[in-house]
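Below you'll find the structure, written out as C-alpha cells, and then a few comments.
Residue numbers start from 1 in every chain, and the chains themselves are labelled A, B, ... in the order their sequence lines are given, proteins ahead of strands.
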Amino acid sequence: MIEGYIEVPAEELDLGTTLEVGQTFSWYKKKDGNLYTSDGEKYYTTSEGELLVIWQENDKIHYKATGGMENQINKRFRLDESLVNIKKRLKGKDKFLDRALETYEGLRILNDDFFPCLISYLCSPQMRIPRIKNMFNSLAERYGTKVQVNGKTYLQFPTVDQLSEASEEELRDLGIGYRAKYIVETVEQLMNGEVSLEEIKDMDYREAHDEIKKLYGVGDKVADCVLLFGAGKLEAFPVDTWIKKAVKKHYPEMYDKNYRKLGDNFRDFFGEKYTGYAQEYLFHYMRNHESSE
DNA sequence: AGCCAGGCAAGTG
DNA sequence: CACTTGCATGGC
C-alpha cells in the first residue's frame, strides 16, 4: 500500500462536508466492526478490487492506496477546476446564494463512479439520506466482492453483472421496498444494452437527461442527481423537496411547474457550468438552516 | 398511532 | 401537459 499526500488548500476542499453532504454514498466511513474499517475520520472507497483511503489535515489530503488508486483523487474531486473561482463566479447573483456560499467553505461536487451513483439514487425516492446509505451498504455487502488489504475487509459496490443476480424478491427482503423493481429493471436495461452509461457520459446535458430517463425508476430529479454527481454534468439542477422550498421562498419568479423550464431558469441565472454547484450550496443550506420551516 | 421521507410510474381529465 | 394515486419501510 502506497502512502502520501497532495497539497490542497482548505478553501478548495473540505473533505468532511463534501463527503457527508449527501451527494455520495460511495465513500465509507468507519463504523463499529471490521467491515467498514478505516481509521478515525478517514474515508475509503474501492474500485475494481483496489482501495483508496483518504483524510484531511490542514492543507493536505493524505492517502493510502493500492493499485494506483491515488491517481483517482484528482478525478473524483474534480481538483483540476478551482472551487474558489467557481464561487467567485456565483457570488453577487443574489443574497440567498451568497449566504450559502459564505457559510460553507470547500464544498465540492464529486465525480463518483456512474453505476453505483445511479443505483444509490434509484434507492432515494421517499427516503431519508441515512437510510439510502444503509440500503446502498446492504447492496454492497450482499452482492459486491469485498476488498482485502492487510487483513482488513472493505466493502465494494457490485458491478452491473453482479447486481443482475439479484431478484426483486431478494431486494425487497433487503429492505429496498418498492424501489427493488427500479433496480431489477434498470440493471436489465443496462445488461441488454438498451441503455448505455458510457454513451450517456459522452452526451451533452440535455440529451443525457432524456436518455437516462429511459431507465425504469429514473425520473427528472434522479436523472439530474446521477448526471451531476456521477457523470460530471454541471448543468444539472436537481429539484427535490428542499430545492423546491428554496425556490418558492427565495426565487418565486423563477418557479415553473415544468421541471425543465424551472431548471432552465436557473441555468440562465447562475450560468450553465455553475448551476450544479449553486444547487449543492442551496441544498446544504436549506437542510441545515431552514429545516423547520 | 400516524405521518413523512433527496420521487416515481401509471392512470385520468 | 397538469394533476392524482399507490407505493415499502423505518424513525420520530
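Put simply, the side chain of A:Phe157 does not reach to within 4.5 Å of the side chain of A:Ser120, judged on heavy atoms.
Taking the charged nitrogens against the carboxylate oxygens, A:Glu280 and A:Arg108 have no contact shorter than 4.0 Å, which rules out a salt bridge.
Ranked by how close their nearest DNA chain B nucleotide is to the 5' end, A:Gly217 and A:Cys225 are led by A:Cys225.
Using a 4.0 Å heavy-atom criterion, one finds that A:Gly219 contacts the sugar-phosphate atoms exclusively. Counting any heavy atom pair closer than 4.0 Å across all strands shown, A:Glu185 reaches no nucleic acid atom. A:Lys257 comes within contact range of the sugar-phosphate backbone alone, with a heavy-atom separation under 4.0 Å but no base atom that close. Within 4.0 Å (heavy atoms only), A:Tyr121 reaches at least one base atom of the nucleic acid. Residue contacts for A:Arg172: at a heavy-atom cut-off of 4.0 Å it reaches the sugar-phosphate backbone alone, with no base atom in range.
The phosphate of C:dG10 (OP1 or OP2) has no side-chain N or O of A:Asn134 nearer than 4.0 angstrom.
Rounding to whole angstrom units, OH of residue A:Tyr259 and C1' of C:dA2 are separated by 17 Å. One atom, OH of A:Tyr182, and another, P of C:dG6, lie 15 Å apart when rounded to the nearest Å. Between the P atom of C:dG10 and the CE atom of A:Met135 lies a distance of 10 Å, rounded to the nearest Å. The distance from atom NE2 of A:His209 to atom P of B:dC8 is 9 Å, rounded to the nearest whole Å. In this entry the distance linking CG of A:Leu171 with P of C:dA8 reads 13 Å, nearest Å. Distance, A:Arg131 CZ to B:dG7 P: 13 Å, rounded to whole Å. If you take CE of A:Met127 and P of C:dG10, they are 9 Å apart, rounded to a whole angstrom. Across the protein-nucleic acid pair, A:Glu169 atom CD and C:dA8 atom P stand 13 Å apart, rounded to whole Å.
Distances from the side chain of A:Tyr216 to the nucleotides C:dC1, B:dG7, B:dA10 place B:dA10 closest. Listed nucleotides C:dA2, B:dA5, B:dC8 differ in distance to A:Val222; the shortest reach to its side chain belongs to B:dC8. Between B:dC8, B:dC4, C:dA8, one nucleotide has an atom nearer to the side chain of A:Arg128 than all others, and that is B:dC4.
When the P atom is used for both B:dA1 and C:dC7, the distance is 22 Å, rounded to whole Å.
Applying the 3.5 Å distance criterion, the base of C:dA8 shares a donor-acceptor pair with the side chain of A:Arg179. A donor-acceptor contact under 3.5 angstrom links the side-chain atoms of A:Tyr178 to the base of B:dG7.
Around CZ of A:Arg89, the count of heavy atoms belonging to other residues, nucleotides or ligands within 6.0 Å does not exceed 12.
Ring to ring, A:Tyr277 and A:Phe270 are not that close: their centroids are 6.0 angstrom or more apart.
Residues A:Thr153 and A:Gln148 bring a donor and an acceptor atom of their side chains to less than 3.5 Å of each other.
Partner of A:Tyr121 under the ring-ring contact (aromatic ring centres under 6.0 Å, His included) criterion, chosen from A:Phe25, A:Phe114, A:Phe136, A:Tyr182: A:Phe25.
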